[in-house]
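Because only heavy atoms are used, hydrogens play no part in the values below, and waters and symmetry mates are left out as well, while side chains stay in.
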Amino acid sequence: MASVNEIVDGIPVLLVEAAGPEREVVLWMSHLGGSAEQALPMLERFAAAGHPAVSFDAVGHGSRGSGDPWEFAAGVLGAFRRRMWPILGQTTLEAMRVLTWAQERTGAPGPALAGGVSMGGDVAVALAGIDPRVGRVATVGSSPDWSRPGMRDLRDSSRVVDQGAADPYSQWFADRLDPMRHLERYRGGAALGFELGGADHHIPQANARAFVDALRETHGLGPERLRLNVHPGLDHLGVTTSAEALEGAAGWLLAG
């Protein structure tokens, strides 16, 4: 498997080419404060199964960031709606461009697959709502609701995070791209899988469950289109680093 680093319209992209005959492209994104390089083990996992796999540094992340990633993430969480919503929105839009490049570069056919960890999974679900090429999504410790009801501090689960207020710029992204506000986009689209931590208080499993329940009620979608897999006892850091959860996400993507 060969890896390729390239700048695509100013976006630092990492592509791992498939080991054999190429199937659908997989886009896999990392967490808040993460990078394309941190997604490399999952990219290699998909490439070994015949899927060219791609990731990229989101705005403010990896080679597009500066300073300590943990400090960056803490700053974003400290003004969540004003800072996180534009990151989610811009990354979702850039993902469409990266998918186009990856498909043209590899000649991979048909629909794409998308997924990610925490923030990366949030982006994958939003992407599936606006890009008809995305046929299947897998997330680990993610939320399809950008408001993240009940979100608690990553290190102190007794403290509810003060998300602050959105400004007009951040609100624009949420109004147009937040999946929970656009259930109609998922009626006939991608199959969605969620790997969730049973003790995750940072991104509570209730966020994804409410989204899935709403889709089942309004659109009658069944288990072939919607999957919730809860890992008992795992908090946010636990589920997002769990080999079992990550393999569950990979299995869901490749099952299509």
Side-chain angles (χ1 to χ4, degrees), residues 9-13 27-36 38-39 54-62 64-65 69-70 72-99 112 114-131 133-134 137-152 154 161-183 185-186 189-190 192-196 200 202-204 206-208 210-211 236 240 249:
D9 290 350
I11 307 166
V13 171
L27 171 73
W28 187 266
M29 296 297 295
S30 189
H31 56 278
L32 176 64
S35 66
Q38 286 179 279
V54 66
S55 188
F56 63 93
D57 287 338
V59 60
H61 290 69
R64 300 169 82 180
W70 280 100
F72 168 75
V76 172
L77 291 172
F80 186 83
R81 297 190 177 196
R82 182 173 60 84
R83 295 191 61 186
M84 185 65 158
W85 287 357
I87 292 173
L88 289 169
Q90 292 175 58
T91 307
T92 300
L93 297 177
E94 289 183 344
M96 291 193 290
R97 180 66 189 92
V98 171
L99 273 182
V117 173
S118 194
M119 183 192 86
D122 298 358
V123 167
V125 178
L127 177 65
I130 62 171
D131 192 329
R133 292 175 294 180
V134 178
V137 167
T139 75
V140 182
S142 304
S143 172
D145 185 344
W146 289 11
S147 297
R148 291 194 185 180
M151 179 170 63
R152 295 179 178 269
L154 192 58
V161 173
D162 180 359
Q163 298 190 21
D167 62 9
Y169 179 70
S170 58
Q171 192 67 54
W172 187 93
F173 285 106
D175 287 344
R176 286 158 179 79
L177 296 173
D178 179 2
M180 195 66 179
R181 305 178 197 212
H182 295 284
L183 296 174
R185 295 177 178 170
Y186 300 89
L192 308 173
F194 298 90
E195 302 288 326
L196 304 164
D200 188 346
H202 183 62
I203 301 183
N207 290 189
F211 179 73
H236 189 67
T240 54

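Note that the CZ atom of F80 and the OG atom of S147 stand 8.5 Å from one another [nearest 0.5 Å]. Taken to the nearest 0.5 Å, the OG1 atom of T92 stands 9.5 Å off from the CZ atom of F173. Note that the OG1 atom of T91 and the CE atom of M29 stand 5.5 Å from one another [nearest 0.5 Å]. One distance of note links CG of D145 with CZ of R148; it measures 10.0 Å at 0.5 Å rounding. Put simply, CE on M151 and CG on D200 are 11.0 Å apart, with the number rounded to the nearest 0.5 Å. Atoms OG1 and CG, from T139 and L196 in turn, are 6.5 Å apart once rounded to the nearest 0.5 Å.
Remark: side-chain polar atoms of D178 are paired, donor with acceptor, to backbone N or O of W146 under 3.5 angstrom. Between the side chain of S170 and the main chain of R81, a donor-acceptor pair closer than 3.5 Å is present. Not one N or O on the side chain of E94 forms a donor-acceptor pair closer than 3.5 Å with the backbone of F56. No donor-acceptor pair under 3.5 Å is formed between the side chain of D122 and the backbone N or O of S142. Looking at N207, its side chain does come within 3.5 Å of a backbone N or O of P149 through a donor-acceptor pair. Side-chain atoms of Y186 do not come within 3.5 Å of backbone N or O of P179 as any donor-acceptor pair. Side-chain atoms of S55 come within 3.5 Å of backbone N or O of W28 as a donor-acceptor pair.
Between S30 and S35, the closest heavy-atom pair is CB-O, 3.4 Å. Among all heavy-atom pairs drawn from A112 and L99, the shortest one is CB-CD2, 3.8 Å. Among all heavy-atom pairs drawn from G129 and R185, the shortest one is O-CD, 3.2 Å. Nearest heavy atom pair, residue H236 against residue I203, reads CE1-CD1, 3.5 Å. Considering all non-hydrogen atoms of both residues, R181 and A174 come closest at CD-O, 3.5 Å. When all heavy atoms are compared, the tightest approach of A124 to V137 is O-CG2, 3.8 Å.
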Taking it one step at a time, do F72 and H61 satisfy ring pair (Phe, Tyr, Trp, His ring centres under 6.0 Å)? CA-CA 9 Å; F72 168 75; H61 290 69; 5.0 Å; yes

Before you tell me yes or no, could you show the steps for H202 and L77 under side chain to side chain contact (heavy atoms under 4.5 Å, CB included), namely the whole-Å CA-CA distance, both residues' side-chain angles and the distance that decides it to 0.1 Å? CA-CA 11 Å; H202 183 62; L77 291 172; 4.1 Å; yes

Would you check, one step at a time, whether the test side chain to side chain contact (heavy atoms under 4.5 Å, CB included) holds for L93 with I130? CA-CA 9 Å; L93 297 177; I130 62 171; 4.2 Å; yes

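Partners of D131 under the side-chain hydrogen bond (donor to acceptor under 3.5 Å, both in side chains) rule, at least two apart in sequence or in another chain, are R133.
Within 6.0 Å of the CG atom in D175, the count of heavy atoms belonging to other residues, nucleotides or ligands exceeds 12.
By the 4.5 Å heavy-atom criterion applied to side chains, L183 and F211 are counted as neighbours.
Screening R82, Q90, M84 for a side chain to side chain contact (heavy atoms under 4.5 Å, CB included) involving P86 leaves a single residue, Q90.
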